[in-house]
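Just so you know, these numbers use all the heavy atoms, side chains as well, and skip hydrogens, waters and symmetry mates.
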There are 2 protein chains.
Amino acid sequence: MTEQLPQKLRSDAEDNRDRILESARVLFAREGLTVPMRAIARHAGVGPATLYRRFPTKQLLATEAFAEQIRACQAIVDEGLATPDPWQGFCSVIERICELHLQNRGFTDAFLATYPDAVDIAESRELTLKSVATLARRAKAHGRLRKDFELADLMIMLTAHRGLHVSDPATRTTASRRFATLVVQAFAAEHA
Amino acid sequence: MTEQLPQKLRSDAEDNRDRILESARVLFAREGLTVPMRAIARHAGVGPATLYRRFPTKQLLATEAFAEQIRACQAIVDEGLATPDPWQGFCSVIERICELHLQNRGFTDAFLATYPDAVDIAESRELTLKSVATLARRAKAHGRLRKDFELADLMIMLTAHRGLHVSDPATRTTASRRFATLVVQAFAAEHA
DNA sequence: AGCTAAGTGGACACCTGCGTCCACATAGGC
DNA sequence: GCCTATGTGGACGCAGGTGTCCACTTAGCT
């Protein structure tokens, strides 16, 4: 599951590293990438030095923390590809990705930002997008997806979706669901 | 045009006040409400004390700076109401409001934030929204606007639209236009 | 149990934001 | 031209972020 580093860590260091990652996941999800490194250290019950020793930059920490989300994202798209009706698959991808981004504010930031140094994220992002493109091509052929749809449209809508993170969690959830519904109709071909 | 204060200012103070407002407009539009007060003071060529003396809080400054935009916003909706075809009027309102918010990042913040103390903005906001509601009712009756449209949907989309402000100006412009087009389709009734 | 290298947390120095205070400058009536 | 109320900019103290250093602790081999 977790990659083994060349240098094996001391047991207490290993524990601390795990706790830091766990805290980072919680706080990134709740507050987004803007959460202070200090806050993550405090939440994990370690000093700042420990955090910086393990993860010199926030991007490095984020990349590790979001490994699971990245896999989830790919899984969602794969399931969409596996759905018999490509349009239904496409719709479920939109809805579920919105849901994922809703629950994880930091991941949205990470996914859209394309940090130059967070290679892992950028790479799997491209891979996932390639799958979405395939799905979109099928849904177009099927006639239900508007002909002029482009991948950029999806990125625009995901970027916009992030804007919803300003309000409180309850409002945000309602807003996100409604947003997904509207986006699906926006992408639908004109005539039924 | 500008309201006369009960206390008349000294001529140099008046000049400074004007320059501060002008700088605030430029910087709020470009950077959003997050721009530091100091930056506005520097841009206007005055010290921080001068700025704080005229506008004790950022909200007060914003309210004055955006007076013109608020009027523009109302004008857009009024023109939409005056359009013979209510659906076309509704669409043009969406497109033009997106355009307005695109050019003025700070105004978007101000419009959506509902500061407790910025009464002027909140008030005209409600007024504008009431007009939009009227327009929406007509467009629904006309059959082109989806029956389950609510005012909240528009707020969701405007909030989302703000998310587009992360990218560079050129990309942002393209994205905003495309976003407006998609939103219009999202709001359209199912059958042609 | 003792030793040592790896690991740690608190202190530190730096930056940038905020709002306020006060000694000086100056507009504008005389 | 002078005098004074009004207006001003720079300096100040505070809060909260960043990354780094170093004297102490401790895991784990012997």
**Q** Starting at CZ of A:F55 and ending at C1' of D:dT20, how long is that distance when rounded to a whole Å?
**A** 18 Å
**Q** Is it true that the side chains of B:H161 and B:S176 contain a donor and an acceptor less than 3.5 Å apart?
**A** yes
**Q** For nucleotides 27-30 of chain C, print each protein N/O atom paired with a nucleotide N/O atom at under 3.5 Å, atom names and distance only.
**A**
from   : atom 1 : to    : atom 2 : distance (Å)
C:dA27 : O4'    : B:R10 : NE     : 3.3
C:dA27 : O3'    : B:S11 : OG     : 3.3
C:dG28 : OP1    : B:S11 : N      : 2.7
C:dG28 : OP1    : B:S11 : OG     : 3.2
C:dG28 : OP2    : B:S11 : OG     : 2.9

**Q** Does a salt bridge link A:R177 with A:E99, judged by any charged N lying under 4.0 Å from a carboxylate O?
**A** yes
**Q** Base, sugar-phosphate, or nothing for B:A13, non-hydrogen atoms under 4.0 angstrom?
**A** sugar-phosphate
**Q** Any side-chain N or O of A:R17 below 4.0 angstrom from OP1/OP2 of C:dG7?
**A** no
**Q** Through what angle, rounded to 10 degrees, does the axis of the helix from C:dA1-D:dT30 to C:dC30-D:dG1 turn between its ends, using five pairs per end?
**A** 0°
**Q** Does this structure show an ion pair linking B:E22 with B:R17, if we count only N-O contacts that are shorter than 4.0 Å?
**A** no
**Q** Give a yes/no answer on whether the side chain of A:T50 brings an N or O atom under 4.0 Å of OP1 or OP2 in C:dG9.
**A** yes
**Q** Are any of B:N16's side-chain N or O atoms less than 4.0 Å away from OP1 or OP2 of D:dG7?
**A** no
**Q** Got a salt bridge between A:D78 and A:R71, using NZ or NE/NH1/NH2 to carboxylate O under 4.0 Å?
**A** no
**Q** Anything under 30° is parallel, anything over 60° is perpendicular, the rest tilted; go ahead and classify A:F66 against A:F28.
**A** tilted
**Q** Tabulate atom names and distances for all N/O pairs under 3.5 angstrom spanning the protein and nucleotides 16-19 of chain C.
**A**
from   : atom 1 : to    : atom 2 : distance (Å)
C:dC18 : OP1    : B:M37 : N      : 3.1
C:dC18 : OP2    : B:M37 : N      : 3.4
C:dG19 : OP2    : B:Y52 : OH     : 2.3
C:dG19 : N7     : B:R38 : NH1    : 3.0
C:dG19 : O6     : B:R38 : NH2    : 2.3

